[in-house]
Undergrad: 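Have a look at this one.
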Amino acid sequence: MKEVHEYKDRSVLIHGKFKSEKWDFQDHITAPITTSVSFRLRTAERGSEGFQQFANPALDRATTHPIYIYERLDDPCQGLLEETLAFAEKGETAISFATGMAAISAVLGIHVQAGDHIVVNRTIYGCTFSLIVHWLTRFGVTHTFVDLARPEQLHEAIRPETRVVYFETPCNPTLELVDIRGVVAEVAVANQGRSEEDRIVTIVDNTFATPFCQRPLTMGVNYVVHSLTKNLGGFGTSMGGVVIGPRTRETDLLLFRKDFGGSLAPTKAWDILNYGVPTLALRLERQQQLARRVAEFLDLHPKVKLVRYPGLDSFPQSELAREQMRDIDGNFAPGSLLWFEMAGNAETSYGRAVRLINRVAERALSITLAVSLGNVRTLIEHPSSMTHSALPPEEQEKAGIAPGGIRLSLGIEDVSDILRDLEDALSHA
Ligand SMILES: *Cc1c(COP(=O)(O)O)cnc(C)c1O
């Protein structure tokens, strides 16, 4: 049998690594769903060995035949999904979680303690904002929000007690990009002379791009996190999260998951492993085609003030997009999301956005008013009043979330239907 590295990523994402310690694939094509909470240990000695093996840094999880004990600790379906996701992101190890937020909590949780400081890009997912501002501060962890598009701000924000630089790119919901290599270079300078434990780590939430469009670990980032609930799951049927990073911190992530309890349900892991990941490339290619067409349409519409889609020539960071957003075959991959702002001042544009959304909700078959993203269905939402309403107005403004801004996550419908539904809603906005 050939080795995995001899195949294209596209094929491996469908078949998995097919030689896995997690499951005997001699007979199964698809791994069975595991629904056992605990596992038969056969002998006291084997039970004892299982406990010694769990999260043992001396063992390589990828090559050690696992002794499963209890579902919250480790499970075959979780493990198979983790192997495939580590491969997709080109990381050393992946640890799955119950949700994207559980994964983000874990990667921050293993890197900070009271007295530490985090530098965060000013535009981030609403719950990540809330986690950092409302909860981590209670545990004595401080933060500074910066505009990572301006490297001097990062330089100024880093303190001796800074341990993490955290960002998304493209950002939610404005699709502004962060120069991944630029941040990595700046952090490398700040890390000069720091001891191993004082080092600043970089964490990228790669949910918007997915590993199909962008692989930040290959650009020097330390960790990638994902909400698997979005395009990696792909069908909007399963919640999940993952942290992909260095093998040296695998033990901490496993112990954090064990003790905080955010383990991914194996039935959900199975779903994402068998439906989401194998169809990722297919869906993303189709979604990107639609996103480009819709972006071009909106760009010319008189009721639309501006469109932000990394694939448009008018995109302010078009050059950066072409540099860092590349699909698994090396082609430019601007993704499946777009952001547009209705024309008018703050008040009138807000009113227009609400009218457009309500018309869509009432009339459109091909576009659904719903939060979440990365679904086979096209989803629309109004961040200012919905997903990002936890941010006070002045924070929204700083983050570029205009009152008349709308986020569109393209699905795989017929593009002419989406354009017709949008045209109808725009004419009533
Ligand atoms: C949805 C999302 C999350 C949170 O993921 P959940 O699975 O809902 O917990 C984090 N970051 C981004 C960018 C997201 O879109």
Side-chain angles (χ1 to χ4, degrees), residues 78 81 85 89 94-109 118 120-136 148 164 166-178 180 203-214 216 221 223-244 257 260-265 268-269 271-272 276-277 280 284 287 308 310 325 335-339 370-375 377 379-383 386-391 399-401 407-411:
Q78 290 169 2
L81 175 65
L85 293 176
E89 284 287 2
I95 306 295
S96 62
F97 289 88
T99 63
M101 286 318 301
I104 294 167
S105 306
V107 72
L108 290 174
I118 304 177
V120 193
N121 192 35
R122 56 178 190 165
T123 314
I124 49 165
Y125 185 67
C127 300
T128 308
F129 175 87
S130 179
L131 170 71
I132 291 169
V133 171
H134 297 131
W135 296 103
L136 290 186
L148 283 182
V164 170
Y166 185 98
F167 60 101
E168 298 166 11
T169 179
C171 294
N172 182 14
T174 57
L175 300 187
E176 208 182 349
L177 304 188
V178 173
I180 300 175
I203 304 172
V204 172
D205 181 336
N206 200 29
T207 301
F208 267 37
T210 84
F212 178 79
C213 297
Q214 168 178 288
V221 156
Y223 293 92
V224 160
V225 292
H226 277 286
S227 168
L228 302 176
T229 315
K230 313 298 168 51
N231 241 329
L232 275 161
F235 296 90
T237 56
S238 298
M239 299 207 80
V242 71
V243 178
I244 303 151
R257 182 175 73 179
F260 282 80
S263 305
L264 179 62
K268 297 299 183 185
D271 214 32
I272 299 165
V277 176
L280 178 71
L284 255 295
Q287 289 168 336
R308 290 278 179 265
M325 300 188 78
S336 58
L337 280 128
L338 64 87
W339 162 259
V371 300
S372 196
L373 52 103
N375 193 303
R377 296 170 177 84
L379 304 178
I380 198 167
E381 68 115 355
H382 183 223
M386 297 176 189
T387 47
H388 291 67
S389 55
L391 266 72
I401 302 167
R407 186 183 79 187
L408 198 57
S409 165
L410 276 304

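Both ligands and their constituent atoms are indexed starting at 1 by order of listing. What you see is a predicted model; the values in this text were computed from it and never measured.
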Undergrad: How far does NE2 of His388 sit from NE2 of His382, to the nearest 0.5 angstrom?
TA: 12.0 Å
Undergrad: For atom 4 (C) of ligand 1, grab the closest protein heavy atom and report residue, atom and distance to one decimal in Å.
TA: Tyr125 CE2, 3.3 Å
Undergrad: Who's the nearest protein heavy-atom neighbour of atom 15 (O) of ligand 1, and how far?
TA: Lys230 NZ, 2.7 Å
Undergrad: How far is atom 7 (O) of ligand 1 from the closest protein heavy atom, and which atom is that?
TA: Thr229 OG1, 2.6 Å
Undergrad: To which protein heavy atom is atom 9 (O) of ligand 1 closest, and what is the distance rounded to 0.1 Å?
TA: Met101 N, 2.9 Å
Undergrad: Could you list the atoms of ligand 1 found under 4.0 angstrom from a heavy atom of Gly240?
TA: 7 (O)
Undergrad: Backbone or side chain, does any N or O of Ser227 fall under 3.5 Å from an N or O of ligand 1?
TA: yes
Undergrad: Looking at Asp205, which atoms of ligand 1 are within less than 4.0 Å of one of its heavy atoms?
TA: 10 (C), 11 (N), 12 (C), 13 (C)
Undergrad: Within this structure, what is the CD1-CD distance for the pair Ile203 and Glu168, rounded to the nearest 0.5 Å?
TA: 12.0 Å
Undergrad: Out of all atoms in ligand 1, which are within 4.0 Å of some heavy atom of Leu373? Include the element for each.
TA: 15 (O)
Undergrad: Please identify which of these residues, Thr99, Leu131, Ile132, meets the side chain to side chain contact (heavy atoms under 4.5 Å, CB included) condition with Ile104.
TA: Leu131
Undergrad: Once rounded to the nearest 0.5 Å, what's the spacing between atom OG1 of Thr123 and atom CZ of Phe129?
TA: 11.0 Å
Undergrad: Which of the atoms of ligand 1 are close to Ile104, meaning less than 4.0 Å from one of its heavy atoms?
TA: 10 (C)
Undergrad: Could you measure the distance from the CZ atom of Phe167 to the CD atom of Glu176? Nearest 0.5 Å is fine.
TA: 12.5 Å
Undergrad: Which residue holds the protein heavy atom closest to atom 8 (O) of ligand 1, what is that atom called, and what is the gap in Å?
TA: Met239 CE, 3.6 Å
Undergrad: So, applying side chain to side chain contact (heavy atoms under 4.5 Å, CB included) with Leu373, which one of Leu337, Asn231, Thr229, Leu410 is it?
TA: Leu337
Undergrad: Given side-chain hydrogen bond (donor to acceptor under 3.5 Å, both in side chains), test Glu381 with Thr387 step by step and report yes or no.
TA: CA-CA 8 Å; Glu381 68 115 355; Thr387 47; 2.7 Å; yes
